[in-house]
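Chain letters run A, B, ... following the sequence lines, proteins first and then strands; every chain starts at 1.
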Amino acid sequence: MNLDSIGDWVRTHYSSQVSPDLDGKEVTLFGWVQEVRDLGGLRFLILQDREGTVQITIPKKRVAPEVLAKSGVLQKRFSFGVKGIVKKTNMTTRGVEVVPNGIKVFSTATEQLPIDITGKTPANIEVRLDARPLDLTLESSLATFKIQHVALEAIRSFLFEKGFMEAHSPRIIASATEGGAELFTIDYFGQKAYLAQSPQLYKEELTLSFEKVFEVGPFFRAEESHTRRHLSEFTSVDIELAFANADDVMALLEQVIHHTFSVVKEKCQAELTVLGHNLEVPALPFKRLTYTQVLDDLKAQGVEVPWGEDISTDAFRVLGKIYPYFYFVTDWPTHAKAFYIKPRDDNPQVSEGFDLMFGYIELTSGGTRICDKNQLIERLKEKGLNPDSFKMHLQAFDYGMPPHAGWAIGLERLTMILTGIKNIREVTLYPRDRVRLTP
RNA sequence: GCCCAGGUAGUAUAGUUCGGUCCAGUAUAUGCGGCUGUCGCCCGCAGGACCCGGGUCCGAAUCCCGGCCUGGGCGCCA
């Protein structure tokens, strides 16, 4: 087959911009064949681009022979261009169609696609992920990642507005940031190194200089998790704020969430419709429950959790039924939290750490951090960690570590909530989990 | 790491209970033919599958054993 080059053709419109008021005008469209419906004397092509679809109508007896011939070779997913006249019509759902004067075929596709790109016969998740480049062309996939894009843009602009500086901490690190055994090891020129599980210590150190700092980036957990809400590589939206405590950053967090939901609801109505998701902008403030209150609520539901113990997923599922939307859980037992979380001054058994839950899913965790070096060393020891391993971090506490607090949002989990999609792998372009390393 | 469920055409599934009616049905996709207003187009025809290996049996998609692969739950967490 003879393929065409773009030549002097320049896209004039995306599919979504082809509107009835362009009636009679010539447009140049680039995209892919989503569907061909051939009725004999009449052929319909659905051109898809990243913004949507538009119908190309070919009345076989009334177009130039070369246009007819070109339109005849087109199959699903062929990349092509159309130069044609917009026609206002009540025969299509969009109210427009394009009758081509010229067609260019840029590239072909296999006859039998691995998944149904029109969404009539949906494929299972592993089939979709194996064919991810194609799967991402589905309107539902595009809608998902458009929403994630808009959400992240909203978060960034909100934080910029509040005076935060964006930072980039290392992914390759020399020792465990939080002391867990859940790090991936790598060979760093013969030296043992790790992939960062969080930017926690670096962003704390940056409060010395930047004061208000955030980072968006991938982090790595070598946990053999097998659930619909865990990844080996996930994207964290991390902030740290100097001269602030948990209450301050909780207030900031709920504003960020509120803003993000508002922007997505406003800008992504079409995408939400494609996904069939009705997004509610949450009312502020979010409910604040102490750990102890949560235990009482659970007890009332017949779920006994001894004070001091972690709350199991099953227990959170019960709690999520009582509080199906956003809620904070505060005042966690100190020993249940990471070493850098500050114990309360009035009751050291209880910490200033918090989680932001959505139903049973933990979306964010954060808290006031310890800024006193000796206290931090004590907490390291209590956690069974060796302060010597944290020497490089601890030096920051010799240079006037300010009181500070922060949190981390799981971007993929946020996207799940925004889209209503139940599997975290669907909202991740190329997910990495216990068994998946490709594509 | 522990536990559960499952592998049937490109895709999604029926059939597995209680072995024979299944050289495996349906939808969609693909190929060919037809059709001038489709938009889950329609009509006709065609090709296309029981994860792998072993076992039981007259007979295995179905039962048993082993392997491989996948999904999900727990723990952990974002």
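Taking 4.0 angstrom as the limit, A:Arg221 places none of its side-chain polar atoms (N or O) nearer than this to OP1 or OP2 of B:G75. Using a 4.0 Å cut-off, some side-chain N or O of A:Thr313 falls inside it from OP1 or OP2 of B:G75. Between A:Asn423 and B:G72 there is a side-chain N or O to OP1 or OP2 distance below 4.0 Å. For the pair A:Asn124 and B:A12, the criterion of a side-chain N or O lying under 4.0 Å from OP1 or OP2 is met.
In this structure, A:Arg317 forms a cation-pi arrangement with A:Tyr360, its terminal cationic atom sitting closer than 6.0 Å to the ring centre and no more than 45° off the ring axis.
Contact annotation for A:Thr118: no contact, since no heavy-atom pair falls under 4.0 Å across all strands. Among the heavy atoms of the strands lying under 4.0 Å from A:Glu224 is at least one base atom, whether or not backbone atoms are also near. Note on A:Thr235: nothing from the nucleic acid sits closer than 4.0 angstrom, heavy atoms only. A:Arg128 comes within contact range of no nucleotide atom at all, as no heavy-atom separation falls under 4.0 Å. Contact annotation for A:Val237: no contact, since no heavy-atom pair falls under 4.0 Å across all strands. Across all strands, A:Leu231 comes closer than 4.0 Å to base atoms (heavy-atom distances). A:Arg43 comes within contact range of no nucleotide atom at all, as no heavy-atom separation falls under 4.0 Å. At a threshold of 4.0 angstrom between heavy atoms, the contacts of A:Ser225 include nucleobase atoms, whether or not backbone atoms are also involved. Across all strands, A:Arg436 comes closer than 4.0 Å to no nucleic acid atom at all (heavy-atom distances).
Relative to the side chain of A:Val127, the nucleotides B:U70, B:U11, B:C76 differ in distance, and B:U11 lies closest. For A:His226, the side-chain atoms get nearest to B:G73 when compared with the rest of B:U30, B:G73, B:U70.
The interatomic distance linking A:Leu138 (CG) with B:U11 (C1') rounds to 12 Å, in whole Å. As a whole-Å value, the separation of A:Arg434 CZ from B:G75 C1' is 15 Å. In this structure, A:Asp314 places its CG atom 11 Å from P of B:C76, rounding to the nearest Å. The nearest whole Å value for the distance from the CD1 atom in A:Ile117 to the P atom in B:U30 is 9 Å.
For A:Phe30 against A:Asp49, the heavy-atom pair with the smallest separation is O-CB, 3.7 Å.
Comparing B:G1 with B:C63, their P atoms are spaced 29 Å from each other, to the whole Å. Taking the C1' atoms as reference points, B:C58 lies 49 Å from B:C42, given to the whole Å. When the P atom is compared between B:C57 and B:C50, the two are found 26 Å apart, to the nearest whole Å.
When both distances must be under 3.5 Å, the Watson-Crick or G-U wobble mate of B:C57 does not exist. Figure legend. B:C45 is base-paired to B:G31; pairs are counted as Watson-Crick or G-U wobble with both atom distances under 3.5 Å. Nucleotide B:A5 forms a Watson-Crick or G-U wobble pair with B:U70, both donor-acceptor distances falling under 3.5 Å. Across the strands present, B:C50 finds no partner; the criterion is a Watson-Crick or G-U wobble pair with both atom distances under 3.5 angstrom.
Put simply, the side chain of A:His258 gets close to the backbone of A:Pro282: a donor and an acceptor are under 3.5 Å apart. A donor-acceptor distance shorter than 3.5 angstrom exists from the side chain of A:Lys212 to the backbone of A:Lys162, with no hydrogens or angles considered.
Ring centroids of A:Phe214 and A:Phe160 are separated by less than 6.0 Å, placing the two rings close together.
Put simply, the residue from A:Lys120, A:Lys76, A:Arg43, A:Arg77 that forms a salt bridge (Lys or Arg N to Asp or Glu O under 4.0 Å) with A:Glu35 is A:Lys120.
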Scoring nucleotides 31-46 of chain B by protein non-hydrogen atoms under 4.0 Å (B base, S sugar-phosphate only, - none) yields S---BBBBBBB-----
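An aromatic stacking contact links A:Phe234 with the base of B:A78, defined here by ring centres under 5.5 Å apart and ring planes under 30° from parallel.
A salt bridge does not link A:Asp433 with A:Arg436: every distance from a Lys NZ or Arg NE/NH1/NH2 to an Asp or Glu carboxylate oxygen is 4.0 Å or more.
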